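Okay, so here's the structure we're looking at.
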Amino acid sequence: KLIMTKNEITDLFLEDYGLERPKKWSIKTYLICILIIVIGWIIMALHIMKEQKFKAEYARRQREYPKMYAEEIKKFIGDTSALKASGLKKTGLEEDQITALKPIFFWGYEWDAKDSYYRIGSTAGDICSIATFTFLFFTEDQVVVYRLLKDFYHGTQKESTTEYFYEDITNIKTGEETKEINKNTSINYNSLTLIVPGDSYRMSVSSASDDISNSVQGMKTLLRNKKKGNRGGYDA
């Protein structure tokens, strides 16, 4: 036979190489393939919807949370008596033990804290979701630090206390620090640091903290007097 059809040539080729012609897909196989494709489309659509929902929620938080944090902090620092009472309870101090200097309160954002969310340039200013609220209590021999770290986003808080004898404090330093947000954006914030041999205790200070410069000056004066052996004291 001189003239062969295309199928015959294909069969001859496959036979020479010991191969078999691929079997045609059954309707069941076609349906399975279509089902797999449809499932893939559904998964991709769900992923896109989830991503869009996340972006929408993130945009909402960017709009609403800075103002909400600012309002919560304003309420929180509006009356510090409850925070002071918590500090006294946590440190175990009594009011009559705080004789050297009037307690000092200040607060600040924790820009370097892990899991913090922040917004730069919002209508409420530069806002961070984590802030610390600090009371310094001055007894006859020590400065006792009560610190409350509050995470407004996750709704959690953590208390801590630290004690330093006046004779161990070598310096009280204030300064401005810089937090780099990205290559084009950075923020400046104030800090207060108690320096002791081989260690230091840094606290972030908001510019809104009341009369912090006078408070620091009072602390430095007390420290000098204590090192000279003076007892100090204040009028409650």
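Not measured: the values here are computed from a predicted model. Values below: all heavy atoms of this structure, side chains included; hydrogens, waters and symmetry mates excluded.
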Determine, using the 4.5 Å side-chain heavy-atom cutoff (strictly less than), whether V38 and L46 are members of one ILVMFWY cluster.
yes
Under 4.5 Å between side-chain heavy atoms, counting indirect links through other Ile/Leu/Val/Met/Phe/Trp/Tyr residues: same cluster for Y30 and I32 or not?
no
Kindly work out whether a path of hydrophobic side-chain contacts (I/L/V/M/F/W/Y, heavy atoms less than 4.5 Å apart) joins I43 to M49.
no
For F106 and I104 the tightest heavy-atom approach is CD2-CG2, 4.1 Å
Parallel, tilted or perpendicular, as decided by the 30° and 60° cut-offs, for the rings of F135 and F137
parallel
T162 side, atom OG1; Q142 side, atom CD - distance, nearest 0.5 Å:
11.0 Å
Looking at side-chain heavy atoms only, is the closest gap between L194 and M203 below 4.5 Å?
yes
Might you work through the side chain to side chain contact (heavy atoms under 4.5 Å, CB included) test for I130 and L149, ending with a clear yes or no?
CA-CA 7 Å; I130 299 178; L149 186 146; 3.7 Å; yes
Should the ring pair W107 and F133 be called parallel, tilted or perpendicular, given that the plane angle runs from 0 to 90° and is split at 30 and 60?
parallel
Which residues pass the ring pair (Phe, Tyr, Trp, His ring centres under 6.0 Å) test with Y146, sequence neighbours left out?
none
Which residue is it: T221, N225, L222, V143? I am looking for the one with a side-chain contact (heavy atoms from CB on, under 4.5 Å) to L101.
L222
Among residues at least two apart in sequence or on other chains, which ones pass salt bridge (charged side-chain N to carboxylate O under 4.0 Å, His left out) with K28?
none
Please find the pair of heavy atoms, one from T132 and one from S204, that lie closest to each other, and give the distance.
OG1-O, 4.3 Å
Distance-minimising heavy-atom pair for T178 and S186:
CG2-CB, 3.9 Å
Output for pair (K90 NZ, T161 OG1), nearest 0.5 Å, gives 6.5 Å
Which pair of non-hydrogen atoms, one from F138 and one from M219, has the smallest distance, and what is that distance?
CZ-CG, 3.6 Å
Of L93, I98, L88, which meets side-chain contact (heavy atoms from CB on, under 4.5 Å) against V144?
L93
Grouping I, L, V, M, F, W and Y whenever their side-chain heavy atoms are under 4.5 Å apart, do V216 and V145 come out in a common cluster?
yes
For Q97, check side chain to side chain donor-acceptor pair (under 3.5 Å) against everything at least two apart and list the hits.
none
What distance separates K158 NZ from L148 CG, expressed to the nearest 0.5 Å?
11.5 Å
Tell me, with the steps shown, if Y189 and Y109 meet side chain to side chain contact (heavy atoms under 4.5 Å, CB included).
CA-CA 9 Å; Y189 63 96; Y109 292 118; over 6 Å; no
Tell me whether the guanidinium CZ or amine NZ of K150 lies under 6.0 angstrom from the six-membered ring centre of F152 and within 45° of its axis.
yes
Once rounded to the nearest 0.5 Å, what's the spacing between atom CD1 of I73 and atom NZ of K75?
12.5 Å
For the atom pair OG1 (T29) and CD1 (I34), what is the distance rounded to the nearest 0.5 Å?
11.0 Å
Under 4.0 Å between a Lys/Arg side-chain N and an Asp/Glu carboxylate O for R147 and E110?
yes
Joint hydrophobic cluster, I172 plus I195, side-chain heavy atoms closer than 4.5 Å
no
Side-chain donor-acceptor pairs under 3.5 Å in residues 77-84, sequence neighbours left out?
unit_1, atom_1, unit_2, atom_2, d
D79, OD1, S81, N, 3.1
D79, OD1, S81, OG, 2.8
D79, OD2, S81, OG, 3.3

Check against side chain to side chain contact (heavy atoms under 4.5 Å, CB included), K220 and K173:
CA-CA 9 Å; K220 290 182 176 180; K173 185 175 69 173; over 6 Å; no
Does the side chain of I48 come within less than 4.5 Å of Q52's, by heavy atoms?
yes
Going by ring pair (Phe, Tyr, Trp, His ring centres under 6.0 Å), name the residues that satisfy it together with Y166, two or more places apart in sequence or in a different chain.
none
Residues two or more places apart in sequence or in another chain: which of them pass salt bridge (charged side-chain N to carboxylate O under 4.0 Å, His left out) with E51?
K55
